[in-house]
Amino acid sequence: MKAYKKRLAQFSASILMVASIAASANNTKFIQSAIDHPNRMEYDIERDSQRKPAQVLEFFDIRPGMTVLDVFSGSGYYTELLSYVVGPKGTVIAHNNQAYLNYLEKKLKLRYTDGRLPNVKRITAEANELSLPENSIDTTFLILAYHDIYYRPKKKTSWPQIDRVDFLRRLYLSLKPGGILAIIDHHAESGSPTSTGHDLHRIAVETVIQQVSESGFKLMERAYFLENATDDLAKHMYAPELRGKTSRFVLKFIKPLNIEKHLVDDRIIP
């Protein structure tokens, strides 16, 4: 039985690798078309050099027809790109809480005026109330927002304290088996307490890996193309000299398929 499972695992790994290579080659043109889309806002295009969207979208394997959840989507930079890549047969669910809606009201009005992103469904909910059908999402984006789990403003009603365990459980349940949780965030110094999420709007990568892994996800791959060795990790990410220049980690987690659970374990990147 063990030998059979091993052969099945090897066969599954081979199939996944071949499929991945073929899909990657085909996706490049869709992703580049999204980045070159004539309807993109100049404000977004100016940020491309800092955010490297082509590499991000390729790394997380975004494809036409997918259902993608953009959690704490903010002003919608990635929402719009995702919308163009998944196309008319796909759906992007753009989530924000009330604080983001209030803060970004003008930018969001421009983003969605005249139904310019028809395949985007907007939802408003606090993190503790985020409700989505189970096994319904292909990929979830959580970009530059994981640290906000630890945001503690003086006016507590403006940003209700997030129950991390429950929040990650909600994301896990909403993803399909084999679905991807995409996380990008600002590096904090190794060993930093979670309070840096509030104090500096940064978080230590090892903290994120541990917490997300404890929620049932498996770390499938890590990328380094957004890292910046010159970033002063002890400074607030909003420091004028660091805006758009912070060192950011890029993590791809998977909700395991039963058949490949041990394969995913073998692919964990510490």
Side-chain angles (χ1 to χ4, degrees), residues 27-62 68-87 92-97 99-114 116-117 119-120 122 139-148 151 180-188 197 200-203 205 208 222-233 235-252:
N27 286 349
T28 301
K29 65 178 182 181
F30 293 110
I31 290 170
Q32 193 57 51
S33 293
I35 293 169
D36 295 337
H37 200 286
N39 290 346
R40 289 191 71 207
M41 298 178 176
E42 190 62 34
Y43 171 74
D44 288 342
I45 295 171
E46 290 173 356
R47 292 193 286 172
D48 285 351
S49 61
Q50 302 165 350
R51 291 200 163 197
K52 301 182 180 180
Q55 290 172 264
V56 169
L57 295 169
E58 286 187 18
F59 180 73
F60 291 122
D61 196 24
I62 304 303
V68 182
L69 170 65
D70 192 2
V71 182
F72 291 118
S73 60
S75 64
Y77 172 88
Y78 271 113
T79 301
E80 181 153 341
L81 287 168
L82 291 166
S83 168
Y84 296 145
V85 177
V86 304
V92 179
I93 302 170
H95 161 264
N96 271 317
N97 63 359
Y100 267 115
L101 290 184
N102 295 342
Y103 180 62
L104 298 166
E105 181 180 3
K106 291 182 179 179
K107 288 183 178 179
L108 287 169
K109 187 176 181 180
L110 289 173
R111 178 79 64 191
Y112 297 108
T113 188
D114 298 326
R116 59 187 298 277
L117 300 175
N119 62 346
V120 173
R122 299 175 65 189
T139 297
T140 293
F141 264 39
L142 184 56
I143 309 299
L144 304 180
Y146 192 95
H147 67 267
D148 283 329
Y151 182 51
I180 298 298
L181 174 60
I183 296 180
I184 300 176
D185 217 329
H186 308 282
H187 270 293
L200 302 179
H201 285 256
R202 298 175 178 268
I203 194 161
V205 63
V208 177
R222 178 177 175 181
Y224 298 86
F225 54 79
L226 290 179
E227 306 222 355
N228 177 9
T230 66
D231 181 17
D232 185 345
L233 305 186
K235 286 187 176 180
H236 200 292
M237 58 79 54
Y238 282 123
E241 68 273 20
L242 293 179
R243 289 304 302 270
K245 301 176 184 177
T246 58
S247 183
R248 286 150 283 165
F249 53 83
V250 181
L251 305 174
K252 182 195 293 185

Residue pair Asn39 / Tyr84, side-chain heavy-atom distance below 4.5 Å: yes
From CA spacing to verdict: side-chain contact (heavy atoms from CB on, under 4.5 Å), Asn27, Glu58: CA-CA 7 Å; Asn27 286 349; Glu58 286 187 18; 5.8 Å; no
Closest non-hydrogen atom pair between Gly74 and Leu104, with its separation: C-CD1, 3.4 Å
Side chain proximity check, Leu251 to Val208, heavy atoms < 4.5 angstrom: yes
Point-to-point distance, once rounded to the nearest 0.5 Å, from CE of Met237 to CD1 of Ile203: 13.5 Å
Over 12 foreign heavy atoms within 6.0 Å of CD, Glu105: no
N/O donor-acceptor pair under 3.5 Å between Asp70 side chain and Val92 backbone: no
Between Thr246 and Asp231, a side-chain donor and acceptor under 3.5 Å: no
Donor-acceptor contact below 3.5 Å, side chain Asn228 vs main chain Thr230: yes
Taking every non-hydrogen atom, the tightest pair across Leu233 and Ser247: CD2-CB, 4.5 Å
Gap separating the CZ atom of Arg51 from the CD atom of Glu46, nearest 0.5 angstrom: 13.0 Å
Salt bridge Arg40-Glu80, side-chain N to carboxylate O under 4.0 Å: no
is_close_aromatic(His201, Tyr151), centroid dist under 6.0 Å: yes
Euclidean distance, Leu110 CG relative to Ser75 OG, rounded to 0.5 Å: 10.5 Å
Closest non-hydrogen atom pair, Tyr43 against Lys107: OH-NZ, 2.8 Å
Value rounded to 0.5 Å, distance of OG1 in Thr140 from CG in Leu69: 4.5 Å
Derivation of the side-chain contact (heavy atoms from CB on, under 4.5 Å) call for Asp148 and Tyr100: CA-CA 12 Å; Asp148 283 329; Tyr100 267 115; 3.4 Å; yes
All side chain to side chain contact (heavy atoms under 4.5 Å, CB included) counterparts of Ile143, not counting sequence neighbours: Tyr78, Phe141, Ile184
Leu82 side chain near Leu57 side chain, heavy-atom distance below 4.5 Å: yes
Arg202 (side chain) donor-acceptor with His187 (main chain) under 3.5 angstrom: yes
Nearest-0.5 Å distance, CZ of residue Arg222 to CD of residue Glu227: 5.5 Å
Step-by-step side-chain contact (heavy atoms from CB on, under 4.5 Å) determination, Phe30 to Ile62: CA-CA 9 Å; Phe30 293 110; Ile62 304 303; over 6 Å; no
Within-4.5 Å side-chain heavy-atom neighbours: Phe249 and Ile183: yes
Polar side-chain atom of Asn96 near backbone of Leu101 as donor-acceptor pair, under 3.5 Å: no
Candidates Val85, Leu81, Ile31 - the one meeting side-chain contact (heavy atoms from CB on, under 4.5 Å) with Pro53: Leu81
His95 versus Phe72, closest heavy-atom pair with distance: ND1-N, 3.0 Å
From CA spacing to verdict: side-chain contact (heavy atoms from CB on, under 4.5 Å), Arg111, Asp44: CA-CA 11 Å; Arg111 178 79 64 191; Asp44 288 342; 2.4 Å; yes
Side-chain donor/acceptor of Ser83 to backbone N/O of Thr79, under 3.5 Å: no
Check: Lys52 side chain, Leu226 main-chain N or O, donor-acceptor pair, under 3.5 Å: no
Close side-chain approach of Glu241 and Asp232, heavy atoms under 4.5 Å: no
Residue pair His186 / Leu144, side-chain heavy-atom distance below 4.5 Å: yes
Exercise: do Asp48 and Tyr77 side chains pair donor with acceptor under 3.5 Å: yes
